[in-house]
There are 2 protein chains.
Amino acid sequence: MAASRRNRSAATSSAVAVDRTTEAERDFLARYDPAAFPSVAVTVDIVLLTIRHGRLSVLLVQRDAHPFRGAWALPGGFVQPKEDLDEAARRELLEETGLQTFSGHLEQLRTYGTPARDPRMRVVSVAYLGLIADLPAPEPGSDVSAARFWAIEDLAEVEATSLAFDHDRILEDAVERARAKLEYTTLAISFVEEPFTISDLRRVYEAVWGVELDRGNFRRKVLSTPDFVVPTGRTTHTGRAPADLYARGSTQLLHPAMLRVSDRDLQRQ
Amino acid sequence: MAASRRNRSAATSSAVAVDRTTEAERDFLARYDPAAFPSVAVTVDIVLLTIRHGRLSVLLVQRDAHPFRGAWALPGGFVQPKEDLDEAARRELLEETGLQTFSGHLEQLRTYGTPARDPRMRVVSVAYLGLIADLPAPEPGSDVSAARFWAIEDLAEVEATSLAFDHDRILEDAVERARAKLEYTTLAISFVEEPFTISDLRRVYEAVWGVELDRGNFRRKVLSTPDFVVPTGRTTHTGRAPADLYARGSTQLLHPAMLRVSDRDLQRQ
DNA sequence: GTAATAGTGTCTGTGAGACATTATGGC
DNA sequence: GCCATAATGTCTCACAGACACTATTAC
């Protein structure tokens with residue numbers, strides 16, 4: 001650990017002591033000269049997932065400007081000068097959905113900054129993952145809107161052309177994050193409205209993981225985890241048989257985790 | 001989903017069709033005007049962890065320039081204009097350690113962009129987590145270097161003053177990420193040199209998690225996971241009893257996970 | 001010899017997977 | 001009546017935790 005500029009200037013050996021003050025000063029000044037910093041545009045992109053018609057879906061907007069005009073893209077926009085990253089993500093999300101408040105889960109996914117990811121200029125994008133229960137009023141106003149939910153499985157088939165920028169990659173990472181988090185957290189509840197039945201919750205797992213889960217085992221797992229869900233005492237009668245209704249509990253992490261089928265396959269290979 | 005600028009301009013209802021082209025054009029032009037974008041400085045900060053003297057340690061550098069002059073900070077620096085984020089992290093890492101190559105593990109941690117995190121200006125920092133085996137030559141040249149490894153536990157005690165910027169927070173997140181990843185990945189191997197003994201690996205877990213693990217159970221877990229480690233056929237005779245030597249296997253994920261003691265506590269609460 | 005460590009074996013409890021069984025209500 | 005679904009129970013296997021025991025080497 002010797003070669004860096006910062007290290008060299010601070011070294012205490014007499015050999016470089018002469019150079020110390022001048023370089024430190026240069027360094028100091030350089031940091032206050034705006035032209036000395038590579039200037040970058042920073043955006044947030046949001047992958048808002050929901051379960052619609054029993055299928056994992058993502059909110060996309062159709063671009064009306066170049067580049068990728070007409071292509072579908074993740075909602076997002078520039079981070080404002082005095083705005084925190086989380087704030088920016090939340091603001092963009094409200095703007096795109098038209099909601100007054102966002103009741104779901106929102107977390108930072110990761111940051112994408114390959115130099116050529118935006119053909120116009122250097123753009124570093126901080127991607128966010130949002131989970132929300134299916135919105136009651138999907139498309140207000142016109143039936144052909146510039147923003148709509150797409151089922152993930154439909155995207156792969158229908159859209160031969162991929163999403164704008166590197167949003168395919170971001171979406172892929174987001175879906176994998178969501179799938180992984182259902183294993184060891186109680187985040188599945190973010191996908192349903194309260195109160196919900198155990199089967200509602202099971203259908204979330206089935207939609208996100210794309211598998212079928214054993215009803216009895218799933219129920220046992222959920223109810224045996226302390227405070228994963230809390231019983232409301234009420235039952236619903238919308239289906240064939242009456243089902244108990246639950247609200248979310250305070251537990252955030254699952255120990256042991258809920259296992260995916262793919263995990264079991266991996267385990268046995 | 002109606003209120004966003006992007007949506008409105010692309011809506012197909014006749015009410016806003018008049019405004020469409022003009023706003024779309026304005027939008028289009030605005031994106032090519034450099035002054036229209038909030039300009040931000042983007043840096044990478046690296047949390048390089050290692051096991052030194054049986055304790056989890058982090059590489060820190062002493063700042064020689066304002067702000068936080070004299071304070072300890074995570075190594076890092078500005079992302080260059082045509083440089084990918086991963087590249088920048090790797091470059092800064094080599095500069096700070098003086099190594100020719102980096103053989104450990106390096107992954108993006110998360111991005112920190114609170115407006116006031118740097119008093120000089122808006123700086124968005126993409127933090128990276130690096131894991132490496134203990135370096136053979138710790139401090140080349142002077143014995144009092146501007147870069148050194150600090151044991152995590154010593155930082156909490158010795159450094160009454162915290163790290164520069166929000167690096168305390170970043171370090172905390174990094175350590176938690178490392179602790180979590182040892183559970184469900186084989187990343188612990190990144191902390192040891194090959195070949196290694198099962199006990200070497202166990203001591204990694206013990207150092208990172210700060211717990212003592214049962215020798216027999218740990219050994220059984222590691223050897224029962226297919227291709228976690230591969231036997232070399234050789235044995236070491238440096239300790240009391242001869243120990244079998246292993247090399248890393250190809251497995252990346254552990255199923256089921258290696259459980260932390262803290263997990264068990266949580267489970268039983 | 002003692003102490004420390006590596007390697008191995010054994011017992012037990014928990015929990016997941018694979019079912020089966022019963023109850024309820026829509027059709 | 002039939003059938004889909006909810007709720008519950010049962011059996012078995014895998015695996016983690018808590019040990020015990022032996023072998024080898026440094027001192």
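Convention: sequence-line order gives letters A, B, ...; per-chain numbering from 1.
In this structure, A:Arg215 places its CZ atom 12 Å from C1' of D:dC3, rounding to the nearest Å. One interatomic measurement links the two molecules: CD of B:Glu183 to P of D:dA16, which rounds to 13 Å at whole-angstrom precision. Distance CG (B:Leu259) to P (C:dA16): 12 Å, rounded to an integer number of Å. One atom, CG of B:Leu213, and another, P of D:dA18, lie 11 Å apart when rounded to the nearest Å. Counting to the nearest Å, the C1' atom of D:dA20 and the CG atom of B:Asp214 are 11 Å from each other. Rounding to whole angstrom units, NE2 of residue A:His255 and P of D:dG17 are separated by 13 Å. Following rounding to the nearest Å, A:Leu245 (CG) and D:dA7 (C1') show an atom-to-atom distance of 14 Å. Regarding B:Arg203, its CZ atom lies at a distance of 10 Å from the C1' atom of C:dA6, rounded to whole Å.
Annotation: the span from B:Thr225 atom OG1 to B:Met258 atom CE amounts to 6.5 Å, rounded to 0.5 Å. With rounding to the nearest 0.5 Å, the separation of OH in B:Tyr128 from CG in B:Leu93 is 11.5 Å.
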**Message:** Treating primed atoms plus P, OP1 and OP2 as sugar-phosphate and everything else as base, which nucleotides of nucleotides 22-27 of chain D get B, S or - for protein heavy atoms under 4.0 Å?
**Reply:** --BBB-
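Classification of A:Arg169 and A:Asp173 as a salt-bridged pair holds, one side-chain N sitting under 4.0 Å from a carboxylate O.
Of the residues in residues 217-224 of chain A, those with a non-hydrogen atom less than 4.0 angstrom from any atom of DNA chain C are A:Asn217, A:Arg220, A:Lys221.
Here A:Arg110 pairs with nothing under the salt bridge (charged side-chain N to carboxylate O under 4.0 Å, His left out) rule; sequence neighbours left out. Scanning for salt bridge (charged side-chain N to carboxylate O under 4.0 Å, His left out) contacts around A:Arg90 gives an empty result, with sequence neighbours left out. Residues passing the salt bridge (charged side-chain N to carboxylate O under 4.0 Å, His left out) test with A:Arg248: none are found, sequence neighbours excluded.
Around atom CD of A:Gln252, no more than 12 heavy atoms belonging to other residues, nucleotides or ligands sit under 6.0 Å away.
With hydrogens and angles ignored, the 3.5 Å screen pairs no side-chain donor or acceptor of A:Arg52 with any backbone N or O of A:Phe149.
Sorted by first and then second residue, the ring-ring contact (aromatic ring centres under 6.0 Å, His included) pairs involving residues 218-245 of chain A (not counting sequence neighbours) are A:Tyr205-A:Phe218.
When distances are taken from the side chain of A:Asp244 to each of D:dA7, D:dA6, C:dA6, the shortest belongs to D:dA7.
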